[in-house]
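Here it is: the structure, laid out below.
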Amino acid sequence: DVCSSDLFPSHDIPVLTNTRYGATSTATSTAATLTVRSACNPTSSIAGSYTVYRFLVVGTCHWEVPAGVSSADILIVGGGGAGGNANNGAGGGAGGGEVLQRAGESISNFIIVQVGAGGTPASQSETSTSGNNGGSSSIAINSASAITARGGSGGASVYVSNVGSPSNTGYNGGGGSTWSSTTTLGSSGLAGYQGGNAKGSGTDANVQAGGGGGGSGGAGASAVDTFSFLRFYGIGGDGGLGVSNSYRGSANFYGGGGGG
């Protein structure tokens, strides 16, 4: 997924959005000496009566509020986790990032925006370690406490017969993995939606499939098996739904989970 942050100022009420697509945006540090942070370089577009500013570069920057702008609608989406690795068997999908929406937030002077990356895979493919969590996303207004959306959990990995569990330390849970008939369950995450369970089989490798990651709008689906063309095969679980927001002029979904 692509990390982004958007600001939509209009003549009266701007919309400031800090957004992470897919696997989902920004980190939580609020220590803010303005001189040590580079200036943000957002893109801009028009949505109705709003000007939309999007902050797409991973990292921390400061943004000077335009003259005449005193409030903003804010959307913050945490980074999605990384899916699990699979060396034989099937890995699990990652959890989506947390989604926060704040209307009419007072802003002035400058804003600290930190856009974090999505989760990265486990450092080695020959491991049952889960994918890494996504980064948190935050906006700090006038050096006040940051408004923070947490990143999603990484999906479960599998290495031959070593079947790992998904991370449980992101906002939404990761999906489970499987090898043969051994499976792991999806995780619950810190405060979001559950990841889906894996589907295993000790007799048919085609049936093995990973669970979907939880999204900020719903749980990840568990993997299932189905019979078609005279054989059984597995279907990975769908990622959980994201949360709809229309600040950019039409409905978009944010914080969805990854499929198994």
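Sequential numbering from 1 along the given sequence is applied to the chain's residues.
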Is it the case that the side chain of Thr184 and the backbone of Gly164 share a donor-acceptor pair, with hydrogens and angles ignored and the cut-off at 3.5 Å?
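It does hold such a pair.
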
Between Val113 and Val115, does a side chain to side chain contact (heavy atoms under 4.5 Å, CB included) hold up when you go through it step by step?
CA-CA 6 Å; Val113 177; Val115 178; 4.0 Å; yes

Would you check, one step at a time, whether the test side chain to side chain contact (heavy atoms under 4.5 Å, CB included) holds for Asn133 with Thr169?
CA-CA 8 Å; Asn133 295 347; Thr169 56; 2.7 Å; yes

To check you understand the geometry: which heavy-atom pair defines the closest contact between Gly97 and Ser216, and what is its length?
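For Gly97 and Ser216, the tightest heavy-atom pair comes out as O-OG, 2.5 Å.
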
Any donor and acceptor pair, going by atom type alone, linking the side chain of Ser128 with main-chain N or O of Ser157 inside 3.5 Å?
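A pair under 3.5 Å: no.
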
Nearest-0.5 Å distance that lies between atom CZ in Arg102 and atom CD1 in Ile141:
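Going from the CZ atom of Arg102 to the CD1 atom of Ile141 covers 9.0 Å.
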
Report yes or no: does Ser108 contribute a side-chain atom to a donor-acceptor pair with the main-chain N or O of Ser70 at less than 3.5 Å?
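Here the side-chain-to-backbone pair does not exist.
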
Nearest 0.5 Å, what's the CD1-CZ distance between Ile46 and Arg248?
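Spacing of CD1 (Ile46) from CZ (Arg248) equals 13.5 Å.
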
Closest heavy-atom contact between Gly92 and Ser177?
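Reported closest heavy-atom pair: N-CB, 4.2 Å.
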
Decide whether Leu185 and Val207 are clustered together by the hydrophobic rule: side chain heavy atoms of Ile, Leu, Val, Met, Phe, Trp, Tyr closer than 4.5 Å, transitively.
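Result: no, two separate clusters.
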
Please find the pair of heavy atoms, one from Gly255 and one from Val77, that lie closest to each other, and give the distance.
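Closest approach of Gly255 to Val77: N-CG1, 3.9 Å.
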
Considering only heavy atoms from C-beta outward, does the side chain of Ile76 approach that of Ile147 to under 4.5 Å?
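Contact flag for Ile76/Ile147 side chains = yes.
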
Interatomic distance, Ile111 atom CD1 to Cys40 atom SG [nearest 0.5 angstrom]
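If we round to the nearest 0.5 Å, Ile111:CD1 and Cys40:SG are 9.0 Å apart.
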
Does a donor on one side chain and an acceptor on the other come within less than 3.5 Å for Thr127 and Thr129?
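Checked: Thr127/Thr129 side chains pair up, N/O donor to acceptor below 3.5 Å.
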
Which atom of Ala156 lies closest to which atom of Ser165, heavy atoms considered
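Smallest interatomic distance, heavy atoms only, reads CB-C, 3.5 Å.
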
Step by step, would you call Asn252 with Ser250 a side chain to side chain contact (heavy atoms under 4.5 Å, CB included)?
CA-CA 6 Å; Asn252 291 276; Ser250 59; 4.1 Å; yes

Determine whether a donor-acceptor pair (N or O, by modelled atom type, separation under 3.5 Å) exists between the side chain of Ser153 and the backbone of Gly170.
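Yes: the side chain of Ser153 pairs with the backbone of Gly170.
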
Gap between atom OH of Tyr254 and atom CG of Leu75 - 0.5 Å precision
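Interatomic distance, Leu75 CG to Tyr254 OH, rounded to 0.5 Å: 5.5 Å.
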
Provide the closest heavy-atom pair for Gly154 versus Ser130 in the form atom of the first, atom of the second, distance.
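Smallest heavy-atom distance, with atoms named: O-CB, 4.3 Å.
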
Compile the donor-acceptor pairs under 3.5 Å between side chains in residues 188-200 and protein atoms, sequence neighbours left out, one pair per line.
residue: Ser188; atom: OG; partner: Asn168; partner atom: OD1; Å: 3.4
residue: Gln194; atom: NE2; partner: Gly186; partner atom: O; Å: 2.6
residue: Asn197; atom: OD1; partner: Gly186; partner atom: N; Å: 2.9

Stepwise side chain to side chain contact (heavy atoms under 4.5 Å, CB included) check, Ile74 with Leu100
CA-CA 8 Å; Ile74 298 176; Leu100 298 176; over 6 Å; no

For Ser180 and Thr182, run side-chain hydrogen bond (donor to acceptor under 3.5 Å, both in side chains): C-alpha distance rounded to whole Å, both residues' side-chain angles, the deciding distance at 0.1 Å, then the answer.
CA-CA 6 Å; Ser180 187; Thr182 303; 5.9 Å; no

For Ser201 and Asp204, indicate whether the former's side chain and the latter's backbone hold a donor-acceptor pair under 3.5 Å.
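Present.
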
List the atom pairs, donor and acceptor, that lie under 3.5 Å between side-chain atoms in residues 234-244 and the rest of the protein, sequence neighbours left out.
none

side-chain hydrogen bond (donor to acceptor under 3.5 Å, both in side chains) between Asn245 and Gln101: does it pass, once the steps are laid out?
CA-CA 8 Å; Asn245 180 278; Gln101 304 176 68; 2.6 Å; yes

Can you tell me how far the CH2 atom of Trp63 sits from the CD1 atom of Ile139, to the nearest 0.5 Å?
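Between Trp63 CH2 and Ile139 CD1, I get 10.0 Å after rounding to 0.5 Å.
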
Nearest 0.5 Å, please: how far is CD1 in Ile112 from OG1 in Thr60?
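Going from the OG1 atom of Thr60 to the CD1 atom of Ile112 covers 8.0 Å.
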
Side chains of Glu98 and Asn172: any donor to acceptor distance under 3.5 Å?
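No, because no side-chain N or O of Asn172 sits under 3.5 Å from a partner of the opposite role on Glu98.
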
Closest approach of Ala86 and Gly89, non-hydrogen atoms and distance?
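Heavy atoms only, the tightest pair is CB-O, 4.1 Å.
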
